Undergrad: 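What follows is a single structure, and I will ask about it in a moment.
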Amino acid sequence: MGGNYVRQQRSILMVILLTIVTCGIYYFYWFYQTTKELTEYSEDYRLSPGLSIVLTIVTCGFYQIYWWYRIADIFISAQQKAKYPRLNDNKILFVVLTLFGLDIINMAILQSDMNQLWEKADQTIPNQAADFDDWTDY
């Protein structure tokens, strides 16, 4: 993608409040955007944002267990791309919390980690642009 992806830092409190106030509808928006942002940034396309939502609805939420496991893995790939030190591997935590119906805690953890990652990624982009050399025809 070469940097044409969109990254957005979101307030953790607003993510939680909007999910509660909209009776979970915002969760699907966040779910879609998070999948899109992380897959585009990491260039790891094992998850499709739209298909993930459809499969979550069709399977009555069982697909979320897989999604949380896989999105944590994709987040690790994004950390490596940003040269961000990997702090935690939250795959098992996300799966356990999902099994207990605590996806909102997963949202807060992942959004917090993503906000930190986007800050780091924004700091490294100017350095990467300086290393880029356009090919010219002489």
Side-chain angles (χ1 to χ4, degrees):
M1 285 257 146
N4 293 333
Y5 43 82
V6 176
R7 304 181 307 259
Q8 183 177 357
Q9 291 189 23
R10 294 177 182 86
S11 165
I12 298 162
L13 182 60
M14 287 306 294
V15 166
I16 292 170
L17 286 176
L18 285 171
T19 300
I20 292 169
V21 168
T22 63
C23 299
I25 294 171
Y26 181 79
Y27 173 78
F28 288 105
Y29 170 78
W30 178 88
F31 188 90
Y32 180 89
Q33 289 300 117
T34 299
T35 306
K36 183 177 178 187
E37 291 170 11
L38 284 175
T39 56
E40 287 179 355
Y41 181 75
S42 68
E43 297 177 355
D44 182 346
Y45 297 100
R46 290 180 279 176
L47 292 177
S48 165
L51 184 60
S52 293
I53 289 177
V54 169
L55 289 173
T56 297
I57 293 169
V58 168
T59 63
C60 299
F62 285 111
Y63 180 79
Q64 282 182 177
I65 297 167
Y66 171 78
W67 184 87
W68 279 109
Y69 182 86
R70 187 56 59 207
I71 203 70
D73 197 32
I74 292 172
F75 180 75
I76 290 169
S77 298
Q79 286 179 320
Q80 291 169 347
K81 181 176 180 180
K83 295 176 178 53
Y84 188 77
R86 190 172 107 190
L87 303 174
N88 292 322
D89 184 353
N90 292 324
K91 292 181 218 172
I92 302 302
L93 174 65
F94 287 165
V95 168
V96 170
L97 289 173
T98 299
L99 290 172
F100 286 103
L102 299 172
D103 292 313
I104 203 155
I105 295 172
N106 288 347
M107 289 174 70
I109 293 169
L110 184 58
Q111 189 61 58
S112 173
D113 290 347
M114 286 173 54
N115 288 344
Q116 292 173 7
L117 176 67
W118 298 150
E119 282 181 31
K120 173 69 175 171
D122 287 341
Q123 293 171 0
T124 59
I125 284 177
N127 296 338
Q128 291 172 352
D131 295 337
F132 182 71
D133 185 19
D134 277 336
W135 181 78
T136 55
D137 189 15
Y138 291 102

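Model, not experiment: these values are computed from the prediction.
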Undergrad: Minimum heavy-atom separation for Leu117 and Leu38, please, with both atom names.
TA: CD2-CD2, 4.4 Å

Undergrad: Please answer: with hydrophobic residues joined when any side-chain heavy atoms are less than 4.5 Å apart, are Ile57 and Tyr27 in the same cluster?
TA: yes

Undergrad: Is Tyr45 close to Glu43 at the side-chain level, that is, under 4.5 Å between some pair of heavy atoms?
TA: yes

Undergrad: Please name all residues satisfying side-chain contact (heavy atoms from CB on, under 4.5 Å) with Ile12, sequence neighbours left out, ordered by chain then number.
TA: Ile16, Ala108, Gln111, Ser112, Asn115

Undergrad: Apply side chain to side chain donor-acceptor pair (under 3.5 Å) to the pair Trp68 and Asn90, showing each step before the final yes or no.
TA: CA-CA 9 Å; Trp68 279 109; Asn90 292 324; over 6 Å; no

Undergrad: Just how far is it from atom CD1 of Ile74 to atom CD of Glu40, taken to the nearest 0.5 Å?
TA: 11.5 Å

Undergrad: Determine, using ring centers only, whether Tyr29 and Tyr32 are less than 6.0 Å apart.
TA: no

Undergrad: Can you list, pair by pair, the side-chain donor-acceptor contacts under 3.5 Å of residues 49-56, counting residues two or more places apart and other chains?
TA:
unit_1: Ser52; atom_1: OG; unit_2: Ser48; atom_2: O; d: 2.7
unit_1: Thr56; atom_1: OG1; unit_2: Ser52; atom_2: O; d: 2.8

Undergrad: Do Tyr66 and Leu47 come close enough that some side-chain heavy atom pair is under 4.5 Å?
TA: yes

Undergrad: Checking side chain to side chain contact (heavy atoms under 4.5 Å, CB included) for the pair Arg10/Gln33: CA distance, chi angles, key distance, verdict?
TA: CA-CA 11 Å; Arg10 294 177 182 86; Gln33 289 300 117; 3.3 Å; yes

Undergrad: Quick one: pull up CD1 in Ile71 and OG1 in Thr34 and give me the separation to the nearest 0.5 Å.
TA: 7.0 Å

Undergrad: Treat each ILVMFWY residue as a node, draw an edge where side-chain heavy atoms are under 4.5 Å apart, and state whether Met14 and Ile104 are in one component.
TA: yes

Undergrad: Does any part of the side chain of Phe100, heavy atoms only, come nearer than 4.5 Å to the side chain of Ile105, both counted from C-beta?
TA: no

Undergrad: What are the two closest heavy atoms between Ser42 and Ala78, and how far apart are they?
TA: CB-N, 3.7 Å

Undergrad: Short question: side chain of Lys91, backbone of Asp73 - any donor-acceptor pair under 3.5 Å?
TA: no

Undergrad: Do Leu93 and Ile109 come close enough that some side-chain heavy atom pair is under 4.5 Å?
TA: yes

Undergrad: Is there a side-chain contact between Val58 and Tyr63 (heavy atoms, below 4.5 Å)?
TA: no

Undergrad: Could you check if a side-chain atom of Met107 sits within less than 4.5 angstrom of a side-chain atom of Phe31, using non-hydrogen atoms only?
TA: no

Undergrad: So do Val15 and Tyr26 actually touch side chain to side chain, heavy atoms under 4.5 Å?
TA: yes

Undergrad: Calculate, to the nearest 0.5 Å, the distance between atoms CG and CG belonging to Leu13 and Leu18 respectively.
TA: 9.0 Å

Undergrad: Under 6.0 Å between ring centres, would you say that holds for Phe94 and Trp67?
TA: no

Undergrad: Thr39 side chain to Lys36 main-chain N or O, any donor-acceptor pair under 3.5 Å?
TA: yes

Undergrad: In the single-linkage hydrophobic clustering (I, L, V, M, F, W, Y; side-chain heavy atoms under 4.5 Å), do Ile76 and Tyr41 co-cluster?
TA: no

Undergrad: From Arg46 CZ over to Arg70 CZ, what is the distance, rounded to the nearest 0.5 angstrom?
TA: 4.5 Å

Undergrad: Among residues at least two apart in sequence or on other chains, which ones pass ring-ring contact (aromatic ring centres under 6.0 Å, His included) with Tyr69?
TA: none

Undergrad: Just so I know, are the side chains of Thr19 and Trp30 near enough to count as touching, which here means a heavy-atom distance under 4.5 Å?
TA: no

Undergrad: Would Tyr84 and Gln116 satisfy side chain to side chain donor-acceptor pair (under 3.5 Å), going step by step from the backbone distance to the final call?
TA: CA-CA 9 Å; Tyr84 188 77; Gln116 292 173 7; 3.1 Å; yes

